[in-house]
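All ligand and atom numbering here is 1-based and tracks the order in the structure. For this chain, numbers begin at 1 and follow the sequence in order. Remember, it's a predicted structure, so these values are computed and weren't measured experimentally.
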Amino acid sequence: MSEEKSLNFIEEIIEADLESGKYTSVLTRFPPEPNGYLHIGHAKSICLNFGLALKYGGATNLRFDDTNPVKEETEYVDSIKEDVNWLGFTWAKELYASDYFEQLHGFAVTLIQKGLAYVDDADADEIASLKGSPTEAGKDSPYRNRTKEENLELFSGMKEGRYPDGSKVLRAKIDMAANNMHMRDPIIYRIKHAHHHRTGDKWCIYPMYDFAHGQSDSIENITHSICTLEFIPHRELYDWLIEQLEIFPSKQYEFARLNMTYTVMSKRKLLQLVEEGYVQSWDDPRMPTISGMRRRGFTAESIRNFCDRIGVAKRENLIDVSLLEFCVREDLNKLASRVMAVLDPVKLIITNYPDGQSEALISENGPDESYGTRMVPFSKELWIEREDFMEEPAKKWFRLAPGAVVRLKSAFIVKCESFIKDTKGNVTEIHGTYYPESKSGDDTTGFKVKGTIHWVSAAHALQAEVRLYDRLFKVENPSQEEGDFKDYINPDSLQVIPNAYVEPSLKDVGVSTNYQFIRLGYFCVDKETTPEKLVFNRTVSLKDAWAKEAKKG
Ligand code: ATP
Ligand code: MG
């Protein structure tokens, strides 16, 4: 029996709200700004918002926060929808904050009419200099006391396009001495003669984040508007605007954003990695983006599990990426078929196996019968892993070495008889003999063999490119280091093996299929695979190599 999980603080709030009758149902939203691809931090927010709605029988809107016209692109909108879907969630409505421009403009007019907003002609520097500091009150702008009529007239001129960018803003008239700097007459509209990806050239004034977000929540009747901790100081303004406008009382709640070791988690930084060529694309398997992780072979289930396991915190923290990798291994262990592949091949010739002959051997696809079996061809010449042979075996070496015996997985026991080296001293060929009576599942030799190694038949194997990934950064928290975060990029984060060999059952495999390459790790078929060329990505190794390193010290 699994223990009942305790409620997180947002669940506690929701249960109290439902019990008191404050709300009768739960409506959350996931509000991405379409200015980049989603990352694992967004996955946390998605799992939380959609998860809460699912748990309490409510719904979640997908709302594109597209109020900033120059940055947003339709490519991002499409990728965001694909990623949310792939994570396994369905939104109630697909909405765009830009669809509310008309209503938001109306709200602004309402504030002006109530004497709660004014047009300020001061430029950005002047506004900043009058804002004061956390310890010192701000000063009123000389334009603060314009009449309603004048403000309405000027705001209408702003909307009509009569003024250039930056020449005027609309500000809420709150309190220039407020303790909360966000309450010192925040800017709510600015002039920007820019094309918008959805509204085209219809608007040349655009609402600021604080004047769009809460109002969009209200328009949609969002009950619990969940965001990250940096919005705590915005909450007072969120509530003030809703109260003054007398609109649906959405409430904002904040949780700690997800930070993870050995990566960066801001779209701005991820964009730099893409644009400056540190990675190949947004979906480069080294990226912490959902599309990158998908391409690398992470499953949606494992990402959801990870988000669940890290919980909902109220304080910033840094999550160890090995926890994510643990979740991925756990899921792939259940679902990935076991196959054989050799990444660093050296030839093993079975001298007593007949020339030109081959036979099909039964091999299990997984740890138990439910995975089924497949046939793997065996023949005289095999590829084995170079590191499975040692010329002068170390103590407790149970793999191949002169005179040693080893079991070939799903096949026979072989004894190493000799080997050949090239002029540079590299082993080029290993010769061995096999015991025909030692076939796996039908072994009558009675030999006790300690080591088992994987192999592929040279005549049958398919050549494949295999891409091994390591952490993208050399340090745990590149954003916290001195200087540019890009100075801490791991130059060896990608290793391409152009000539690996995989067993022939992998012919015509579908993109994204996950496999366990026995003894090597979890791999998946990359989208760059063609009928002529197989490409695999290593998702994760079988064990946590970094944890071992850390222990060694
Ligand atoms: P970034 O800094 O990466 O651009 P953002 O917060 O500007 O992130 P948005 O598109 O505005 O990105 O975010 C959409 C939602 O996802 C917001 O509710 C935001 O709070 C949440 N979110 C973004 N990053 C994280 C994170 N690292 N952990 C948890 N939630 C996040
Ligand atoms: Mg943002």
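Residue Glu160 places its CD atom among more than 12 non-hydrogen atoms of other residues, nucleotides or ligands, all under 6.0 Å distant. Within 6.0 Å of atom NZ in Lys114, more than 12 heavy atoms from other residues, nucleotides or ligands are found, so the atom counts as buried in its surroundings.
Looking at Arg29 next to ligand 1, no N or O pair under 3.5 Å apart turns up. Between Leu258 and ligand 1, an N or O atom pair is found at a separation short of 3.5 Å. The shortest N/O to N/O separation between Glu33 and ligand 1 falls below 3.5 Å.
Taken from CZ in Phe101 to CH2 in Trp203, the straight-line distance is 8.0 Å, to the nearest 0.5 Å. One distance of note links CD1 of Ile188 with OH of Tyr209; it measures 15.5 Å at 0.5 Å rounding.
Annotation for ligand 1: atoms under 4.0 Å from non-hydrogen atoms of Pro32 are 10 (O), 14 (C). Set against the non-hydrogen atoms of Met265, the atoms of ligand 1 under 4.0 Å away are 3 (O), 27 (N). Those atoms of ligand 1 with a heavy atom of Phe255 less than 4.0 angstrom away are 29 (C), 30 (N). Of all atoms in ligand 1, listed by their number and element, those nearer than 4.0 Å to a heavy atom of Thr228 are 20 (O), 29 (C), 30 (N), 31 (C).
When non-hydrogen atoms are compared, ligand 1 lies under 4.0 Å from neither the backbone nor the side chain of Phe231.
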In sequence, state the C-alpha distance, the side-chain angles, and the governing distance for Phe523 and Tyr515, and then conclude on ring pair (Phe, Tyr, Trp, His ring centres under 6.0 Å). CA-CA 5 Å; Phe523 292 75; Tyr515 292 97; 9.7 Å; no
Ring pair (Phe, Tyr, Trp, His ring centres under 6.0 Å) between Phe155 and His105, worked out: CA-CA 10 Å; Phe155 188 51; His105 174 263; 5.2 Å; yes
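By the 4.0 Å heavy-atom criterion, Arg268 is excluded from the residues contacting ligand 1.
In terms of heavy-atom proximity, Pro249 sits nearest to Tyr23 at O-OH, 3.0 Å.
When the heavy-atom distances from atom 16 (O) of ligand 1 to Lys269, His42, Glu254 are ranked, the shortest goes to His42.
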